[in-house]
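What follows is a short report on a single structure.
Below, each value reflects all heavy atoms present in this structure, side chains not excepted, and no hydrogens, waters or symmetry copies.
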Amino acid sequence: MDKSYDRKKVEEKWYSFWDEQGYFKADPNSDKPKYSLLIPPPNLTGELHLGHAMQHSILDALARYKRMSGHDVLLLPGVDHAGIQFEAAFEKKLSKEGLSKQKLGREEWLKKAWGFKEEVYTSVSKTWRFLGLSADWSREVFTLDEGPRKAVFEEFKTYFDKDLIYKGPYIVVWCPKDQTAIEDVEVEYEERAEKLYYLKYGPLTLATARPETKFGDTAVAVHPDDKRFQEYVGKEIEIETLSGKKKMQVIADTAVDPKFGTGVIKVTPGHDFTDYEIGQRHNLPIIQVIDKTGRLTEVAGKYAGMKVAEAREAMLPELREKGILVKEEDYTHNVAVCERCKSVVEPIISEEWFVKVREMAKEAVQLIKEDEITFLPKNYEKILVEWLENIHDWCISRSLWWGHRIPVWYKDKEMKVSQDSPGEGWVQDEQVLDTWFSSGLWPFSTLGWPEKSTELEKYFPWDFEISAPEIKYLWIARMVMLSKYFTDQVPFKTMFFHGMLRDLEGRKFSKSLGNGIDPNYLIENWGVDATRMALYSYSVPGRDGRVSKQILDERGKNFRNFETKLRNIAHYVIELKPEGSNEKLDFKNEDDAWIKKELETTINNVSANIDSLNLHLATEEIYNFVWHKLADVYLEKTKERRAEAQPILEYVLESSLKLLHPFMPFVTEELWQSLPNKKGESITISLWPKNP
RNA sequence: GGGCACUUAGCUCAGUUGGUUCAGAGCGUCUCGUUUACACCGAGAAGGUCGGGGGUUCGAGCCCCUCAGUGCCCACCA
């Protein structure tokens with residue numbers, strides 16, 4: 001066979017053929033049973049990675065299989081605006097041009113941002129098509145589109161009217177780099193070797209890792225049962241500070257661990273979560289020491305204006321000199337950093353919007369426990385339930401510009417919830433909503449909700465949803481919660497968590513490590529079909545895989561070879577068809593009966609494995625049949641009775657192509673079209689083989 | 001600290017209810033073979049006491065207990 005043909009060209013040709021024929025379009029008016037799959041909207045940040053490629057390969061295999069099995073399939077594509085991540089990527093680009101948010105102003109910035117969005121989108125959507133994704137592009141949705149915008153407003157208004165939304169000062173995780181509050185689920189912890197400082201507070205000594213927050217102390221606390229400090233509880237002690245002597249009360253609170261450090265803590269309600277809670281219990285005042293840019297405020301005296309790390313270094317000599325700092329020891333602990341930009345985050349008091357989600361979460365738990373969602377792997381059900389049971393109020397505001405703006409308007413002392421300006425003189429809230437506020441609605445906002453569309457009626461709840469495990473709380477749990485709340489239904493019937501692909505050391509792929517593998521690289525080397533096949537072997541639910549470029553190349557090569565094998569089988573069957581071949585399909589010969597039986601077994605096993613979402617087994621099954629049964633054994637045997645076996649060869653080849661099509665769409669279409677009786681008719685709409 | 005996974009051939013991984021077909025695949029290694037579908041191939045071979053130990057059973061990678069190692073998630077101790 002020709003070994004040097006242009007695979008890419010062929011892929012493009014068939015993809016546009018399918019697209020033009022409209023095979024991927026769902027038809028709400030069809031009377032076929034529906035099967036709906038929701039594509040997790042990738043973030044608008046640029047490149048697609050291996051995880052996306054795997055998700056899309058899995059989704060597409062299922063979509064194609066269901067389509068061939070007589071379903072009206074909706075595979076719905078979309079894109080997420082990804083607030084923080086998008087702004088970070090955009091900011092980088094702007095800074096290269098010497099521009100910034102400050103220089104541009106909100107309006108101009110947004111204009112450019114939309115331009116950047118288009119740019120990024122173009123490259124992303126191209127890659128999608130390369131993977132062969134059989135999505136209904138006519139229904140593609142972007143989270144900032146008008147539809148989702150209406151849905152988001154409906155969501156906000158509903159919460160507001162039901163008194164589930166409130167705004168207030170609260171301790172939040174603040175990212176000084178991104179200049180916004182983030183959620184605790186967006187925080188990562190990094191182990192760092194720092195120091196533990198022992199400070200003298202009057203008659204007491206306490207240990208702290210953060211002496212710079214000293215200016216915000218409003219109490220000293222011990223455990224109520226700790227006998228060592230009983231005499232001080234409820235009293236005031238006089239302590240030495242950097243700005244002279246000061247009185248401070250000693251309180252008792254169970255949050256204090258008597259075994260850690262000296263058993264005494266300083267309470268800084270403005271900059272520590274535990275301390276904040278202690279402060280609430282004891283009515284302590286809050287002093288802000290660190291501002292939103294990560295610098296000390298004027299309460300820090302001469303240290304005001306310094307960044308946290310600088311200030312800490314700078315104040316140590318004075319603390320030593322004044323005899324306040326009495327001991328230092330090495331201390332390794334976890335430091336909270338922003339998941340997106342990796343800078344150290346600060347607990348800070350800020351004015352933010354919150355949603356009370358406890359009741360909603362409770363109902364979601366109920367729903368999950370009724371087993372209406374099949375989780376793969378199963379144990380994720382428990383993981384999600386536990387998170388939902390311990391949920392706390394959701395901080396939904398972000399100090400960003402890219403996103404759905406909070407639909408609240410102010411005029412003098414008045415406030416109104418409205419999607420658009422209520423009129424002259426009204427000013428909209430500056431903040432935007434958390435990205436997940438809109439993503440949580442995705443299963444129904446994409447189908448026209450809050451309108452009652454036929455699409456919503458037909459395709460919701462979704463039959464299948466897939467996700468990386470890392471967004472199980474941020475996204476999956478929220479979708480369940482919001483679907484229950486707004487539609488009283490589950491968002492999807494099957495929830496498939498794929499594993500994470502990691503490098504050989506077991507580390508995540510990340511930009512900062514530079515260990516990523518570009519799916520486009522694999523596609524260029526081995527073709528889409530082979531790349532997809534390689535990925536299916538890692539598609540076992542919940543199981544991580546360790547890969548390297550070399551390992552993926554091996555797999556890619558293997559399946560590229562398989563593709564060649566398939567081409568050669570087709571060549572033998574079709575091109576080398578002898579004159580005067582038998583026309584009648586019967587299986588009287590012993591070999592014919594054998595291959596027929598093997599094929600039937602394969603059909604059963606492949607179908608069953610797709611139905612049970614074991615794509616790695618389904619692909620193995622058909623691979624084994626085609627290579628080691630059909631090619632190695634049967635085909636060899638037909639050489640002695642070529643003309644007689646022709647109808648059986650054609651029949652088995654056709655069935656094999658169909659069985660392979662969900663996984664290797666391109667080569668199967670190409671070979672299908674070369675069958676003498678199939679010119680122009682697509683394998684995409686052929687019927688899945690069934691045994692009598 | 002709490003929870004959850006994983007540990008099977010040199011490497012990356014399968015192995016769905018315990019039972020001739022479970023001891024496998026791909027790649028790698030070795031031997032042989034250019035027989036017209038295919039060397040991006042074919043025939044064959046080597047290689048694992050399925051992490052250690054204990055238990056249940058007529059019978060266990062597969063169930064239970066325990067130990068060890070690895071990874072992930074959650075919480076967070078100032």
Proximal nucleotide (of B:U12, B:C38, B:A14) relative to the A:K565 side chain: B:C38

Which value, in whole Å, describes the distance between the C1' atoms of nucleotides B:C30 and B:U35? 24 Å

Would you say A:W627 reaches B:G42's phosphate, i.e. side-chain N/O to OP1/OP2 under 4.0 Å? yes

Taking only N and O in the side chain of A:K557, is any of them less than 4.0 Å away from OP1 or OP2 of B:C27? no

Ring pair (Phe, Tyr, Trp, His ring centres under 6.0 Å) partner of A:Y170, the single match among A:F273, A:Y276, A:W394: A:Y276

Contact class for A:D257 (heavy atom, under 4.0 Å): base, sugar-phosphate, or nothing? base

Within the 4.0 Å heavy-atom criterion, would you say A:L552 contacts the bases, only the backbone, or no part of the nucleic acid? nothing

Pair A:D553-A:W526, side chain to side chain donor-acceptor pair (under 3.5 Å): steps then yes or no: CA-CA 8 Å; A:D553 271 335; A:W526 313 112; 2.9 Å; yes

Distance between the P atoms of B:C41 and B:C27, in whole angstroms? 8 Å

B:U17 and B:C62: how far apart are their C1' atoms, nearest whole angstrom? 10 Å

Under 3.5 Å: donor-acceptor pair, side chain of A:D253, backbone of A:I278: no

State whether A:K472 places a side-chain N or O below 4.0 Å from either non-bridging phosphate oxygen (OP1 or OP2) of B:C74. no

Has A:R320 got its NZ or CZ under 6.0 Å from the middle of the six-membered ring of A:Y197, at an angle within 45 degrees of the ring axis? no

Which is true for A:F562 with a 4.0 Å heavy-atom rule: it touches a base, it touches only sugar-phosphate, or it touches nothing? nothing

What's A:A221 touching, base or sugar-phosphate or nothing? Going by heavy atoms closer than 4.0 Å. nothing

P-based separation of B:U70 from B:C65 [nearest Å]: 22 Å

Length of the line joining A:E575:CD and B:A37:P, which is rounded to integer Å: 14 Å

A:K639 vs B:A37: side-chain N/O to OP1/OP2 distance below 4.0 Å: yes

Categorize A:D632 for me: base, sugar-phosphate, or nothing, with a 4.0 angstrom heavy-atom threshold over every strand shown. sugar-phosphate

Give A:I569 one of three labels, base, sugar-phosphate or nothing, depending on what nucleic acid heavy atoms sit under 4.0 Å from its own. base

Closer than 3.5 angstrom, by distance alone: can the side chain of A:H271 be matched with the main-chain N or O of A:I290 as a donor-acceptor pair? yes

Report yes if a side-chain nitrogen or oxygen of A:N558 is closer than 4.0 Å to either non-bridging phosphate oxygen (OP1 or OP2) of B:C27; otherwise report no. yes

Between A:R358 and A:I391 (side chain of the first, backbone of the second, donor and acceptor by atom type, cut-off under 3.5 Å), is there such a pair? yes

Given side chain to side chain donor-acceptor pair (under 3.5 Å), test A:Y201 with A:D217 step by step and report yes or no. CA-CA 11 Å; A:Y201 272 54; A:D217 296 347; 2.4 Å; yes

Touch class at under 4.0 angstrom, heavy-atom based, for A:Y538 against every strand present: sugar-phosphate

P gap between B:C64 and B:C4, integer Å: 13 Å

In Å, rounded to the nearest 0.5 Å, how long is the span from CG of A:N624 to CD of A:E598? 9.0 Å

Give me the stems containing RNA chain B, sorted by first residue, counting only three or more consecutive Watson-Crick or G-U pairs with both distances under 3.5 Å; say none if there aren't any. B:1-7 with B:68-74, B:10-13 with B:24-27, B:29-33 with B:41-45, B:51-55 with B:63-67

Under 4.0 angstrom between A:R555 side-chain N/O and B:C27 OP1 or OP2: no

Check the phosphate of B:C41 against A:N568, side-chain N and O only, distance under 4.0 Å to OP1 or OP2. Yes or no? no

Please report the distance separating the C1' of B:A25 from the corresponding atom of B:G47, rounded so that it comes out in whole Å. 15 Å

Heavy atoms only, 4.0 Å cut-off, all strands: where does A:E636 land among base, sugar-phosphate and nothing? base

With respect to the phosphate group of B:U36, does any side-chain polar atom (N or O) of A:H571 fall under 4.0 Å of OP1 or OP2? no

As a test of understanding, state which of A:K637, A:K629, A:K639 forms a salt bridge (Lys or Arg N to Asp or Glu O under 4.0 Å) with A:D591. A:K637

Specify the separation, in whole Å, of atom CZ of A:R642 and atom C1' of B:A37. 9 Å

Classify A:G545 by what it touches in the nucleic acid, base, sugar-phosphate, or nothing, heavy-atom distance under 4.0 Å. sugar-phosphate

Separation between the P atoms of B:A60 and B:A14, rounded to whole Å: 24 Å

Return yes if some donor-acceptor pair links the side-chain N/O of A:Q646 with the main-chain N/O of A:V573 below 3.5 Å, else return no. yes

CG of A:L630 versus C1' of B:A37: gap in Å, rounded? 11 Å

Find the distance between CD (A:E575) and CG (A:N568) and round it off to the nearest 0.5 Å. 11.0 Å

Give a yes/no on whether any side-chain N or O of A:R543 is located under 4.0 angstrom from OP1 or OP2 of B:A14. yes

Any chance you could lay out the side chain to side chain donor-acceptor pair (under 3.5 Å) test for A:Y536 and A:E620, step after step, and finish with the verdict? CA-CA 9 Å; A:Y536 292 127; A:E620 192 181 300; over 6 Å; no

Does A:T274 reach a base, just sugar-phosphate, or nothing at all? Heavy atoms under 4.0 Å. sugar-phosphate

So, does A:H628 get its side chain near the phosphate of B:G26, meaning an N or O under 4.0 Å from OP1 or OP2? yes

A:E194 CD to B:C76 C1': how many Å, rounded? 15 Å

So, with a heavy-atom separation below 4.0 Å from RNA chain B, the residues of residues 202-217 of chain A are A:A207, A:T208, A:A209, A:R210

In whole Å, what separates the C1' atom of B:U20 from that of B:U12? 30 Å

